[in-house]
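What follows is a set of notes on a single structure, which appears directly below.
Just so it is clear, the structure is predicted and the values come from calculations on it, not from any experiment.
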Amino acid sequence: NEPAIRNAAAVGLRELGDERALYPIVSLINDPKTEGNRGTLIYALEGFNCYNLLPFLVKLIINGNFEVSHQAFSVIESIDIEIDSDTLNTCIKKIKEIVPQDNTKADLLEDLIDLLYEMYDNYNPK
């Protein structure tokens, strides 16, 4: 229940890089008790292969506060494996369907769409 201890554990798990820690960290991110203290947990995801979490990360960007949104964006930037086109298209469609509550998120969402198109192009050259 202590955010400082939870954050230290998440950073330690990131440094270990053991993939078994990935879904427990995701569970913590989804836990209502971590509301307002998720930035470090999301940061810890960068130490793992998160390509399967792309829709989850996009949801964090859409629904999260400033820190959560930007940290999730950073995790997506760190993905260096091909994402299937169906997943990318689903994520892009979901982003385009929403209207952000504030203009600061609109710029981040536009950047996210650009990043997803870039990810697609990197693995599907014309």
Side-chain angles (χ1 to χ4, degrees):
N1 287 334
E2 183 61 42
I5 294 170
R6 184 175 48 244
N7 289 344
V11 171
L13 290 170
R14 177 183 193 257
E15 290 175 9
L16 288 174
D18 187 334
E19 293 291 323
R20 294 176 293 178
L22 181 60
Y23 288 99
I25 293 171
V26 170
S27 292
L28 282 172
I29 293 167
N30 285 324
D31 190 326
K33 290 186 280 188
T34 64
E35 183 77 35
N37 293 297
R38 294 183 173 145
T40 302
L41 295 170
I42 297 167
Y43 163 79
L45 294 178
E46 282 187 53
F48 302 95
N49 189 346
C50 293
Y51 71 96
N52 285 329
L53 297 177
L54 183 62
F56 171 71
L57 294 166
V58 167
K59 183 179 172 187
L60 288 174
I61 292 171
I62 292 169
N63 297 323
N65 63 24
F66 180 88
E67 181 183 16
V68 165
S69 296
H70 285 80
Q71 195 60 57
F73 186 92
S74 181
V75 174
I76 292 173
E77 282 183 312
S78 74
I79 295 173
D80 63 355
I81 190 168
E82 182 176 4
I83 307 289
D84 67 273
S85 60
D86 289 340
T87 300
L88 286 170
N89 288 331
T90 299
C91 291
I92 291 168
K93 182 180 177 189
K94 185 174 195 122
I95 297 163
K96 288 182 174 182
E97 287 175 350
I98 65 141
V99 177
Q101 299 279 329
D102 60 72
N103 289 334
T104 58
K105 188 142 317 178
D107 290 340
L108 182 64
L109 294 173
E110 287 178 30
D111 290 346
L112 178 57
I113 289 172
D114 291 344
L115 175 62
L116 294 174
Y117 279 128
E118 182 181 314
M119 292 171 79
Y120 179 80
D121 289 344
N122 286 342
Y123 290 99
N124 299 287
K126 295 174 180 153

Exercise for the section: Go through the steps for Asn7 and Val11 under the test side chain to side chain contact (heavy atoms under 4.5 Å, CB included), then give the verdict. Expected result: CA-CA 6 Å; Asn7 289 344; Val11 171; 5.6 Å; no
Problem - Separation between CD1 of Ile95 and CG of Leu112, rounded to the nearest 0.5 Å - result: 3.5 Å
Problem - Single-linkage hydrophobic cluster Ile25~Tyr43, side-chain heavy atoms < 4.5 angstrom - result: no
Handout entry: Approximate separation, where rounding is to 0.5 Å, of Tyr23 OH and Asn52 CG
Key = 5.0 Å
Handout entry: Side-chain touch Phe56/Asn30, heavy atoms, less than 4.5 angstrom
Key = yes
Problem - Arg6 side-chain N/O to Arg38 backbone N/O, donor-acceptor pair under 3.5 Å - result: no
Practice task
Take Leu22 and Asn49 through the side chain to side chain contact (heavy atoms under 4.5 Å, CB included) test and state the conclusion after the steps.
Solution key: CA-CA 9 Å; Leu22 181 60; Asn49 189 346; over 6 Å; no
Exercise for the section: Answer yes or no: is there a donor N or O on one side and an acceptor on the other, between the side chain of Asp84 and the main chain of Thr87, under 3.5 Å? Expected result: yes
Exercise for the section: Could you check Gln71 against Ser74 for side chain to side chain contact (heavy atoms under 4.5 Å, CB included), going step by step and ending with a plain yes or no? Expected result: CA-CA 5 Å; Gln71 195 60 57; Ser74 181; 4.1 Å; yes
Exercise for the section: Taking the side chain as every heavy atom from C-beta outward, state whether Leu53 and Val75 have any atom pair closer than 4.5 Å. Expected result: no
Fill in the blank from the handout: Value for CG (Leu60) from CG (Asn65), rounded to nearest 0.5 Å, stands at 10.0 Å
Problem - side chain to side chain contact (heavy atoms under 4.5 Å, CB included) between Asn63 and Val68, worked out - result: CA-CA 9 Å; Asn63 297 323; Val68 165; over 6 Å; no
Exercise for the section: Could you tell me the separation between the CG atom of Leu57 and the CG atom of Leu45, rounded to the nearest 0.5 Å? Expected result: 6.5 Å
Handout entry: Leu116 and Ile83, any side-chain heavy atoms less than 4.5 Å apart
Key = no
Problem - Value rounded to 0.5 Å, distance of CG in Asp114 from CD1 in Ile92 - result: 9.5 Å
Exercise for the section: Would you kindly confirm whether Leu88 and Ile98 end up in one hydrophobic cluster when ILVMFWY residues are joined by side chain heavy atoms under 4.5 Å apart? Expected result: yes
Handout entry: Rounded distance [0.5 Å steps], CG in Asp111 versus CD1 in Ile76
Key = 11.5 Å
Problem - Side-chain heavy-atom pair Glu77, Glu46 within 4.5 angstrom cut-off - result: no
